[in-house]
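Reading through the structure tokens given below for one structure.
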Amino acid sequence: MNVLDQLKGRFGNAMPEGAATAADRAAFEKAVRPAGDPKFGDYQANGCMALAKSTGKKPRDLAAEIASAVDLAPIAGPPEVAGPGFLNVRLNDAFIAGALGDLLADGRHGLVPPRQARTVVVDFSSPNVAKPMHVGHLRSTVIGDSLARILAAAGHTVVRDNHLGDWGSQFGMILWGWKNARDEANYTEDPVGELARLYRLVNDRIDAGDAALKEATRQETAKLHAGDPENRALWNQFMPHCLGALQAIYDRMGVKFDVQLGESFYDNQLAAVVEDLEKKGLAVESEGAIVVFVEGVEAPFIVRKSDGAFTYATTDLATIQYRAATWKPDQVLYVVDARQGDHFKLLFEIARRWGYDAINLEHVAFGTILGNDRRPFKTRKGDVVGLESLLDEATAEALKVVQENSPDLDPEEQRRVAVIVGMGAIKYADLCQNRISDYVFDWSKMMAMNGNTGTYLQYAYARTQSIFRKGGTTAEAIRAVRPAILVDHPVERAIGLKLLRLPEAIDLAVAELKPNIITDYLFDLAQAFSTFFEECPVLRAESPERRDSRLALCALTGFTLKFGAGLLGIDMVDRM
RNA sequence: GCGCUCGUAGCUCAGGAGGAUAGAGCGGCGGUUUCCUAAACCGCAGGUCGCAGGUUCGAAUCCUGCCGGGCGCACCA
């Protein structure tokens, strides 16, 4: 159950007779929200001031009128009129207690099916297979994975698609490098490492201004696309190694895809796309290239270069066509760096004009990862930081802390915990921030074992499990007993109310496509639990009823933290 | 030049389709451990929400202009 939704509905039904339009009602419902300050209650309705204007009444009179008209039973008593016309709502303790009991028995975290279940394609991660994955790929992977999990939890059908960059000019660089600078022994030893070396070698020379080399690699790319047997054979030889290396990282991160349809998959559809665009009068010839112009944007959208090669723009259009035909999605999310905003703006506009106007195409943009110096994140030596070494380092850091704090755990368990804590730290640090902000990467902040971190959530969870161990019970056993829940202590009430509000957080996260709404919720919950842990003895509670009630609150907290962290792709441990 | 984006406490950031006295973490200062994990809890200090106008009963939030940072702008993806 979503308490906020319930209250919105109740208030919506209490609009003054005849005076309020449907738009007024919608606006009023929207202005029902969690209270900004606990002293104003639990929720508040702020719509009276605006509604007073359109109905010509005085705000406080209107507020009084609605307060007496609205039926909040059994959720809450009549709202209180406050200030210029606020309506403050305080939930009934009996309602909270009952709802918590239902939550415990139900086991579905209070989630209900959405009014309209959507099919959503989430396009995320999408690395170039030729380059080693580095921290730049982290955000798309972590944010996209989390959004996919959140959408699925909200009841939507999700297709996770890794749109690999396996066909672009970076492959031309590798092909040229292979033919001119390969180290076969190194390749035998470490294929992906050798390919990465070749990529870097060639890329550095091009960046340094080697125009002839750039042209040579362009030709290698063109030959690959044209079906040149040698280049195709090399591509087929390299790809399994590249995919294997990627898969190893995804396995470590616990990230899964439903499909991995890279650029190469769409190659045979590109000519038809351009043809169709021309036929429909969308694409025109310009300076030897075939392009689509969009009003108000100077730069054209190039679907075929003057040398005849197609571009990623063409591929992106073909991808929309394929996805529309295959999954009939209501929405497609592109979890991609904010710097590509211009490209997507054009892509979406052209797709609409091309006929895909019923799909909600959305660029889920995120900011750049920066170093402490506010420059793009590099190692001390100036290299981009490889994802593998990042994961290794986080695990090593976590292991040190685990060994220090939990010497009683056996070494194998310490390592297992360190992997989970390290990964949680990396993911949480990325997700807890509004994705659009640039992300200042800070080791000490990320690996901090206190404050607003993944570790803090994991610790709170471990403490719930610790109570069960000491009490000789389990969360599932408590669920089976279904004890009555008491919320007359303010700290119990606070955590109880928090526990009811996961659906609100998920709804908001889905609407805004922001995982940090989930991290905020979980951090609040973990804080509420930490306070509860200090102030409310569980196993030594003053009565058996109180003890059982508090065990139930611990069980609910554990379930919610574990489920919620799961929405972020973060695991929990029973001891740490 | 055009466009996008950001500017909130010493630091890192929430909040942003308008609502009551602007929040958190870290750092700082001060407390808490015969008691379920102190990786914790409690308290204190700390802000002209970049600046200036405007709209509004009400602006960190919306509009305009300016200042400052980042990013993107024809054949890379």
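Order of the sequence lines fixes the chain letters, A, B, ..., with proteins taken first and strands second; residue numbering starts at 1 for each chain. Quick caveat, the model's predicted, so the values are computed rather than measured.
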Report task. Give a yes/no on whether any side-chain N or O of A/Arg33 is located under 4.0 angstrom from OP1 or OP2 of B/G19. Result -> yes
Query raised in the report: To the side chain of A/Tyr456, which of B/A14, B/C42, B/A40 is closest?
Result: B/A40
Requested in this report: Determine: side-chain N/O of A/Asn46 to OP1/OP2 of B/A20, distance under 4.0 Å, yes or no.
Outcome: no
Report task. Could you tell me whether A/Ser406 contacts a base, only the sugar-phosphate backbone, or nothing, with contacts defined as non-hydrogen atoms closer than 4.0 Å? Result -> base
Report task. Check whether the ring centres of A/His163 and A/Phe265 lie less than 6.0 Å apart, and answer yes or no. Result -> no
Report summary line: Comparing A/Val573 with A/Gly288, nearest RNA chain B nucleotide closer to 5' gives the residue A/Val573
Query raised in the report: When we call it a touch if two heavy atoms are under 4.0 Å apart, what does A/Val297 touch: a base, just sugar-phosphate, or nothing?
Result: nothing
Query - 5' priority, RNA chain B, between A/Arg469 and A/Lys30 [closest heavy atom] - result: A/Lys30
Report task. Please determine, for the side chain of A/Lys470, which listed nucleotide (B/A38, B/C41, B/C36) has the closest atom? Result -> B/C36
Requested in this report: Mind telling me whether A/Phe171 and A/Trp235 have parallel, tilted or perpendicular rings, with 30° and 60° as the class edges?
Outcome: tilted
Requested in this report: Measure from the side chain of A/Met49, starting at C-beta and using heavy atoms only, and say which of B/G19, B/A38, B/G3 lies closest.
Outcome: B/G19
Query raised in the report: How many Å lie between CD on A/Glu512 and P on B/G15, as a whole number?
Result: 8 Å
Requested in this report: Kindly point out which of B/A74, B/A20, B/A77 is positioned nearest to the side chain of A/Phe293?
Outcome: B/A74
Report summary line: Paired runs of 3 or more consecutive Watson-Crick or G-U pairs involving RNA chain B, with both pairing distances under 3.5 Å, are B:1-7 with B:67-73, B:10-13 with B:23-26, B:28-32 with B:40-44, B:50-54 with B:62-66
Requested in this report: Using a heavy-atom cut-off of under 4.0 Å over every strand shown, decide if A/Ala82 touches base, sugar-phosphate, or nothing.
Outcome: base
Report task. To the nearest Å, give me how far apart CD (A/Gln340) and P (B/C76) are. Result -> 15 Å
**Report entry** Near-parallel close stack of A/Phe523 and B/A24 base (under 5.5 Å, under 30°)
**Finding:** no
Query - Distance below 4.0 Å between A/Ser437 side-chain N/O and B/U5 OP1 or OP2 - result: no
**Report entry** Touch class at under 4.0 angstrom, heavy-atom based, for A/Asn516 against every strand present
**Finding:** sugar-phosphate
